[in-house]
**Q** 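Structure provided below as structure tokens; questions to follow.
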Amino acid sequence: MIKTTTIGTPLGDMIAAASSAGICLLEFAEGRIAANDFNEISELCDEPVKSGLNWNLWKLRRQIKEYFNGKRKDFSIPLVTKGTDFQEECWHILRKIPYGSTISYQKQADSLNNPEAVRAVAQANGSNRIAIVIPCHRVIGSDGSLVGYSGGVKRKKWLIDHERKYSGQAIDQDLF
């Protein structure tokens, strides 16, 4: 059974969902339409969705609180990501971007050995269902602009600034 809960953050409430296997959703509440997300997750995982808590959601709550308090840079909770092979590759690269750093969509496409796939990379990142933990907010435009975040550009800027504050990172690293 997939359980769902709301987690309060300094940037607004987030909706989280997890099965016994791991976290399968963490999105800002007013972002995507939750009912659609829940139906999609139920189909992908072949499990019903019900409000409540389980061990993975308890761990996520604690780790998200630590993240927003500047005490957690890496998450150690199991994740359930289901997407196309290309999406999974993109999300894998997102998880490799260090806390406090950013890369461009172009560099992410280059790291996939597919430099022409910038738009596809952006779409795959946009389909990430596990915000913050899979840090799609760390990907920016080639010109340094803050674009393409389902939680909104203001949140993206806040998250990048927050991570830089606690990492001591003053400038972007050339990661790939």
Side-chain angles (χ1 to χ4, degrees), residues 1-70 72-84 86-97 99 102-103 105 108 119-140 146-163:
M1 164 120 4
I2 298 170
K3 298 288 191 165
T4 66
T5 192
T6 301
I7 299 173
T9 77
L11 297 176
D13 286 347
M14 297 187 83
I15 296 172
S19 68
S20 60
I23 304 300
C24 50
L25 177 74
L26 180 63
E27 289 288 341
F28 288 100
E30 77 281 350
R32 299 178 181 179
I33 299 170
N36 288 344
D37 280 333
F38 294 156
N39 290 338
E40 186 177 297
I41 288 167
S42 179
E43 282 183 31
L44 286 171
C45 298
D46 197 28
E47 293 187 56
V49 176
K50 185 177 179 182
S51 181
L53 289 170
N54 60 25
W55 175 246
N56 286 318
L57 288 172
W58 281 108
K59 282 179 68 173
L60 177 63
R61 271 193 172 163
R62 188 186 82 245
Q63 290 187 19
I64 285 292
K65 182 178 180 180
E66 292 168 352
Y67 170 85
F68 279 105
N69 287 333
R72 176 167 293 275
K73 295 178 179 160
D74 297 301
F75 292 88
S76 61
I77 46 181
L79 304 178
V80 177
T81 59
K82 298 204 177 199
T84 66
F86 183 78
Q87 288 171 327
E88 294 280 348
E89 287 180 59
C90 289
W91 301 337
H92 177 73
I93 289 171
L94 292 174
R95 290 189 292 262
K96 291 170 47 176
I97 304 169
Y99 180 93
T102 57
I103 66 167
Y105 292 97
Q108 188 179 4
R119 285 182 183 229
V121 163
Q123 287 179 330
N125 290 358
S127 64
N128 169 29
R129 293 178 200 89
I130 308 174
I132 300 174
V133 178
I134 299 177
C136 53
H137 63 275
R138 295 180 188 156
V139 184
I140 59 174
L146 302 180
V147 295
Y149 187 61
S150 64
V153 173
K154 287 181 184 178
R155 283 191 179 115
K156 184 173 192 161
K157 179 177 180 357
W158 192 98
L159 291 166
I160 290 170
D161 290 346
H162 171 75
E163 291 184 5

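Only a predicted model underlies this, so the values are computations on that prediction, with no experimental measurement involved. The analysis underlying the following values was restricted to heavy atoms, covering all of them including side chains, and did not include hydrogens, waters or symmetry mates.
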**Q** Where do Ser19 and Val80 come nearest, in terms of heavy atoms and distance?
**A**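 For Ser19 versus Val80, the nearest heavy atoms are OG-CG2, 4.2 Å.
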**Q** Check Tyr149 against Ala131 and note the closest heavy-atom contact, atom names and distance.
**A**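 That closest heavy-atom pairing would be OH-CB, 4.0 Å.
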**Q** Measure from the side-chain N and O atoms of Tyr105 to the backbone N and O of Asn125, and report whether any donor-acceptor pair falls under 3.5 Å.
**A**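 Judged by distance alone, no pair lies under 3.5 Å.
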**Q** Can you find a pair of side-chain heavy atoms, one from His137 and one from Trp158, that are under 4.5 Å apart?
**A**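 No, every pair of side-chain atoms sits at 4.5 Å or beyond.
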**Q** Rounded to the nearest 0.5 Å, how far does CG of Asn69 lie from NE2 of His162?
**A**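 CG of Asn69 is found 8.0 Å from NE2 of His162.
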**Q** Tell me, do Ser150 and Phe28 make a side-chain contact under 4.5 Å, heavy atoms counted?
**A**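 Ser150 vs Phe28: side chains apart.
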**Q** Mind checking the CG-OG1 spacing from Leu53 to Thr5? Nearest 0.5 Å is all I need.
**A**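 Leu53 atom CG to Thr5 atom OG1 measures 4.5 Å (nearest 0.5 Å).
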**Q** What do the steps show when you test Ile134 against Phe75 for side chain to side chain contact (heavy atoms under 4.5 Å, CB included), and what is the final call?
**A** CA-CA 9 Å; Ile134 299 177; Phe75 292 88; over 6 Å; no
**Q** Within a strict 4.5 Å, meaning less than it, do heavy atoms of the Val139 and Val121 side chains meet?
**A**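 No; the side chains remain at least 4.5 Å from each other.
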**Q** Testing the basics here: between Glu47 and Met1, what is the closest heavy-atom pair and its distance to 0.1 Å?
**A**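 Smallest interatomic distance, heavy atoms only, reads OE1-N, 2.6 Å.
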**Q** Using the rule given for side chain to side chain contact (heavy atoms under 4.5 Å, CB included), can you reason through Leu25 versus Glu27, listing the C-alpha separation, both sets of side-chain angles and the distance that settles it, and then say yes or no?
**A** CA-CA 6 Å; Leu25 177 74; Glu27 289 288 341; 3.6 Å; yes
**Q** Does Arg72 offer a backbone N or O that forms a donor-acceptor pair with the side chain of Gln63 under 3.5 Å?
**A**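 The answer is no, because no donor-acceptor pair under 3.5 Å joins these two groups.
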**Q** Check whether any side-chain heavy atom of Arg95 sits under 4.5 Å from a side-chain heavy atom of Thr81, and report yes or no.
**A**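 Side-chain contact under 4.5 Å: yes.
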**Q** Testing the basics here: between Pro48 and Ser42, what is the closest heavy-atom pair and its distance to 0.1 Å?
**A**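 Here Pro48 and Ser42 meet closest at CA-OG, 4.0 Å.
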**Q** How long is the span from the CD atom in Glu163 to the CD1 atom in Ile132, to the nearest 0.5 Å?
**A**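 Output value for this atom pair is 8.5 Å.
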**Q** Please tell me if the side chains of Tyr99 and Arg138 come closer than 4.5 Å, counting only heavy atoms from C-beta onward.
**A**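 Heavy-atom side-chain distance check passes, below 4.5 Å.
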**Q** Shortest non-hydrogen contact from Thr4 to Ala17?
**A**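 Minimum heavy-atom separation between Thr4 and Ala17: CG2-CB, 3.9 Å.
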**Q** I need the minimum non-hydrogen distance between Ser127 and Gln87, along with the two atoms involved.
**A**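 Residues Ser127 and Gln87, closest heavy atoms: OG-NE2, 2.9 Å.
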**Q** Look up atom CG in Leu146 and atom CD1 in Ile160, then write down how far apart they are to the nearest 0.5 Å.
**A**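 Rounded to the nearest 0.5 Å, the CG-CD1 separation comes out at 5.0 Å.
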**Q** Answer yes or no: is there a side-chain heavy-atom contact under 4.5 Å between Tyr67 and Thr9?
**A**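 They are not in contact (no side-chain heavy atoms under 4.5 Å apart), so the answer is no.
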**Q** Between Gln108 and Cys90, is there a donor-acceptor pair closer than 3.5 Å when you use the side chain of the first and the backbone of the second?
**A**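 Flag set: sc Gln108 to bb Cys90 pair under 3.5 Å.
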**Q** At what distance, to the nearest 0.5 angstrom, does CD1 of Ile7 lie from CG of Leu60?
**A**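 Going from the CD1 atom of Ile7 to the CG atom of Leu60 covers 4.0 Å.
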**Q** Side-chain contact, heavy-atom cut-off 4.5 Å: Ile23 with Leu57?
**A**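 Ile23 vs Leu57: side chains touch.
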**Q** Within this structure, what is the CG-CD1 distance for the pair Leu79 and Ile130, rounded to the nearest 0.5 Å?
**A**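 Leu79 atom CG to Ile130 atom CD1 measures 4.5 Å (nearest 0.5 Å).
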**Q** Quick check: do Pro78 and Asn56 have side-chain heavy atoms less than 4.5 Å from each other?
**A**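 Pro78 reaches Asn56 side chain to side chain.
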